[in-house]
Each structure stands twice: as C-alpha cells, then as structure tokens.
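Note on naming: letters A, B, ... go to the chains in the order of the sequence lines (proteins, then strands), and numbering restarts at 1 for each one. All values reported here derive from a predicted model rather than from experimental measurement.
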Protein chains: 2
Amino acid sequence: MTNPSFSAVLRLLGANARLEERFSGGLGSLHGLALKEVLLLMHLAQAPRRRLSRIDLAKRLYVSPSTVTRMAAPLEKLKMVSREADPRDARLAYVVLTEAGLELVANAQASLEIMAADVFRDRWTQPEIATLADLLGRLTAGQPGDLG
Amino acid sequence: MTNPSFSAVLRLLGANARLEERFSGGLGSLHGLALKEVLLLMHLAQAPRRRLSRIDLAKRLYVSPSTVTRMAAPLEKLKMVSREADPRDARLAYVVLTEAGLELVANAQASLEIMAADVFRDRWTQPEIATLADLLGRLTAGQPGDLG
DNA sequence: CCGGTATACTTCCATATGCAAGTAATTAGG
DNA sequence: CCTAATTACTTGCATATGGAAGTATACCGG
C-alpha cells in the first residue's frame with residue numbers, strides 16, 4: 001500500500017476490531033458490562049453533576065438516540081443510573097450516575113486501563129504510545145466530552 | 001487523562017466511529033456498497049486467484065463465519081462474486097471475485113482513497129500521516145492478509 | 001396569546017450480527 | 001477399514017442498532 005492516508009484508515013479499522021474483541025471478553029466477565037456500557041458510565045462520571053441528556057450521550061457515544069434509550073434501561077434496573085427530569089425543560093430526561101454506578105465505573109475503568117496497557121506491553125515505548133494517542137486525538141478533536 | 005495507553009485506546013474507538021460514519025454515507029451513495037462489503041471485495045482482489053474461503057474471509061474481516069455467508073449472498077446475486085468448490089476438499093466454498101467485481105472494487109477503492117485523504121487534508125503533514133499508519137500497523141501486525 | 005417549527009425522547013420496524021446447533025466432508029488413530 | 005474428532009459451512013434464534021414515525025414540550029414570529 002503506497003497511499004499512507006488510505007493505509008492509516010484501513011489499519012485503524014482493523015485495530016479497532018481487534019481491540020473491541022479483546023475488551024469485550026474481559027470486561028463482560030469482570031463486571032458484567034459491555035464496553036459500550038462502560039463508556040456510557042464513564043461519560044456520566046466526568047459530566048457536571050454526573051448527568052447527561054440522552055441526546056448528549058448519543059453524540060458522545062456515536063450512536064443514535066434510540067440506542068441510548070435502550071442502553072440506559074437495563075442500567076437503570078441495576079440502579080447504576082437513574083432518570084431525572086429537568087425542572088426547566090420537561091423534554092429532557094437526564095441519565096444520572098448513581099453512587100453504585102460511580103463505584104462500578106471506577107472498577108471497570110481500572111480494568112480497562114490494565115487491558116489497555118496490556119495492548120502495548122510488548123514492543124512499544126512510552127513515547128510511541130504517547131505519539132499514537134496524540135495523533136488519534138487529532139482525529140477526534142472538536143467533539144464535546146472527549147474521554148481521553 | 002494521564003494514562004497514555006488508555007487514552008490511545010479510547011481515542012482509537014472514537015476515531016473509528018467517526019470514520020465509519022463518514023465512509024458509510026459516501027460509499028453507499030457512490031457505489032451502493034457498505035464499507036464492509038468493499039473490504040470483503042478488497043481482500044478477494046489481493047488474494048491469490050482472487051478467491052478466499054469463507055473462514056479466511058471471516059478472519060480477515062474480524063467477523064463470524066455466518067456473517068461472511070450472509071454478506072456474500074447479495075454480492076453473488078449482483079454477480080460481483082461467485083461461489084466455487086475446492087476440487088480437493090468439498091467442504092471449502094470459495095468466494096471468488098468476478099471481473100465485474102474487480103471493476104467495482106477498483107472504483108470503490110478509488111473513492112475510499114479520496115475519502116481517506118480528505119480525513120487528513122487539514123492540519124496533517126505527510127510524515128504525521130505516515131507515522132500514524134506505521135503505529136497503527138503495529139497494532140494489526142501478525143494477521144494474514146493485511147490490506148494496508 | 002397563537003400557530004408553526006424545532007427539539008427530546010420513545011417505539012415500531014427492518015436489518016445486521018454472533019452463537020449454538022445441525023449437516024457434510026476430511027483427517028487421525030487404532 | 002471404522003470410528004471419533006476436527007473442520008467448513010449454513011441456519012435458527014436472540015440481541016443490537018438505525019431510521020421513521022409518533023408524542024410531548026419548548027421556542028419563535030407575529
């Protein structure tokens with residue numbers, strides 16, 4: 001492949017598939033959560049007052065609003081999040097991280113960080129990892145609520 | 001985020017979501033194909049005798065064998081691929097790229113390359129793109145049939 | 001204040017996907 | 001050879017997801 005842009009894109013797609021596969025297994029067995037659920041909780045954990053509207057969550061997770069509705073439902077049954085209306089705007093239904101949810105996401109994030117470190121454990125230097133993170137950050141820049 | 005490994009992983013997930021969204025629209029309207037279908041055809045195009053077993057395709061695309069079966073069916077109806085049995089091993093059902101499929105994938109790949117270049121058009125230097133491609137390549141290394 | 005438009009959310013429907021089970025064919029061991 | 005295990009593929013089922021349509025609420029121009 002002689003076209004670096006194209007090569008970068010193709011490899012990014014492949015790397016993503018590998019990482020998702022790798023993380024899904026570990027997370028599910030450790031905390032009973034899917035990767036996307038952990039990301040949802042992480043967004044809540046870093047949001048002001050630990051709450052976000054479903055629309056905001058959808059944008060941050062790159063999914064549709066209907067998916068957020070359906071992802072929040074089981075988390076609400078597990079008491080990891082609660083639902084709260086906005087006093088000013090009755091259309092808004094915030095997803096709010098509970099104390100239990102905060103604990104869970106802290107643990108899940110710790111597991112994720114370990115798994116992330118494992119990805120680079122062999123044959124990567126710290127500067128290389130930092131460079132990769134920096135370059136990838138420029139591909140996601142301009143979005144609100146960047147987690148990393 | 002102070003952990004570079006974790007940051008890199010999170011950003012990779014986000015960048016992937018953005019790129020898939022971006023490419024799906026353009027490809028679909030231009031060639032009537034989904035991104036994953038183009039990748040399937042690209043793998044065939046670079047394979048010896050332009051054919052791969054469904055199992056091999058599944059590994060290269062990071063999907064299950066059943067998904068390959070179902071992705072191949074519509075492409076076969078469109079005469080972009082054909083099905084051929086292995087003369088030595090009757091279990092193998094190769095997906096073979098037709099001439100029409102070869103033409104289609106060449107065009108679709110050209111579109112993809114343009115879209116990939118667009119991703120980096122602003123604020124990226126050639127060495128930066130090359131570095132990104134190189135680093136991402138190390139995350140996908142060790143897989144057979146790397147496209148990029 | 002009123003009607004039209006925009007926004008937030010939910011639900012219905014169609015599609016995509018993985019896994020488990022089933023079928024067919026090959027290989028390995030005795 | 002024969003049987004058991006393995007491999008390749010397909011299909012049924014359950015789940016996940018996006019988009020369209022529906023509902024409720026808020027905003028805006030007059």
Margin query: Among dT25(D), dT10(D), dT7(D), which nucleotide has an atom closest to any side-chain atom of Thr69(B)?
Written below: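 Ranking dT25(D), dT10(D), dT7(D) by closest atom to the Thr69(B) side chain puts dT10(D) first.
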Next item on the list: With DNA chain C as reference, determine whether Arg83(A) or Tyr62(B) sits nearer its 5' end, using the nearest nucleotide of each.
Entry: Arg83(A)
Next item on the list: Report the distance from atom CG of Leu57(B) to atom C1' of dA8(D), rounded to the nearest whole Å.
Entry: 13 Å
Next item on the list: Examine distances only and state if a side-chain atom of Glu128(B) and a backbone atom of Thr125(B) form a donor-acceptor pair shorter than 3.5 Å.
Entry: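 Yes, Glu128(B) side chain to Thr125(B) backbone: donor-acceptor pair under 3.5 Å.
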Notebook entry, point to check: Expressed in angstrom and rounded to an integer, what is the separation of Arg91(B) atom CZ from dT10(D) atom P?
Noted result: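 Rounded to the whole Å, the gap is 14 Å.
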Notebook entry, point to check: If you look at every heavy atom in Leu139(B) and Ala15(A), which pair is closest and at what distance?
Noted result: CB-CB, 4.0 Å
Margin query: Tell me the interatomic distance from Asp86(A), atom CG, to dA26(D), atom P, rounded to whole angstroms.
Written below: 9 Å
Notebook entry, point to check: Closest nucleotide of DNA chain D for Val68(A) versus for Pro87(A): which of these residues is on the 5' side?
Noted result: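 Nearest-nucleotide comparison on DNA chain D picks Val68(A).
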Notebook entry, point to check: With a 4.0 Å cut-off on heavy atoms, is Val63(B) in touch with a base, just the backbone sugar-phosphate, or nothing at all?
Noted result: sugar-phosphate
Notebook entry, point to check: Leu92(B) has an atom CG; how far is it from atom C1' of dC9(D), in whole Å?
Noted result: 9 Å
Margin query: Under 4.0 Å from OP1 or OP2 of dT17(D): is there any side-chain N or O of Lys36(A) that close?
Written below: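 Checking dT17(D) against Lys36(A), a side-chain N or O does come within under 4.0 Å of OP1 or OP2.
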Next item on the list: Give a yes or no answer on whether the side chain of Ser53(A) reaches the backbone of Tyr94(A) with a donor-acceptor pair at less than 3.5 Å.
Entry: no
Notebook entry, point to check: In whole angstroms, how far is the P atom of dT11(D) from the CZ atom of Arg54(B)?
Noted result: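 Atom-to-atom, Arg54(B) to dT11(D), this comes out as 10 Å.
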Margin query: Please report the distance, rounded to the nearest Å, between CG in Asp89(A) and P in dC28(D).
Written below: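 After rounding, the reported distance stands at 12 Å.
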Notebook entry, point to check: Are Leu92(A) and Leu61(A) in one and the same hydrophobic cluster, where Ile, Leu, Val, Met, Phe, Trp and Tyr link if side-chain heavy atoms are under 4.5 Å apart?
Noted result: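 Not linked; separate clusters.
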Next item on the list: Using atom types as modelled and distance alone, determine if a side-chain donor or acceptor of Ser7(A) lies under 3.5 Å from a backbone N or O of Asn3(A).
Entry: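 Checked: no pair found.
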Note to self: In whole Å, I'd like the distance from the CZ atom of Arg51(B) to the C1' atom of dA8(D).
What the structure shows: 17 Å
Notebook entry, point to check: Whole-Å distance between dT17(D) P and Glu37(A) CD?
Noted result: 9 Å
Margin query: Please tell me if Ser64(A) has a side-chain N or O lying less than 4.0 Å from either OP1 or OP2 of dG18(D).
Written below: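 Yes, such a contact exists.
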Check: Which one, dC9(D), dT11(D), dT17(D), comes nearest to the side chain of Ser66(B)?
Finding: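 Side chain of Ser66(B) sits closest to dT11(D).
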Check: Taking all atoms of both residues into account, what is the closest heavy-atom pair of Phe120(A) and Ala8(B), and its distance?
Finding: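 That would be CZ-CB, 4.0 Å.
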Note to self: Judged by each residue's nearest nucleotide on DNA chain D, which is more toward the 5′ side, Pro65(A) or Lys59(B)?
What the structure shows: Lys59(B)
Notebook entry, point to check: What is the 5' to 3' range of DNA chain C, first to last nucleotide, that sits under 4.0 Å from any heavy atom of chain B?
Noted result: dT17(C) to dT26(C)
Item checked: Minimum heavy-atom distance Arg49(B)-Val96(B), with the two atoms named ->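 Closest approach of Arg49(B) to Val96(B), heavy atoms only: O-CG1, 4.4 Å.
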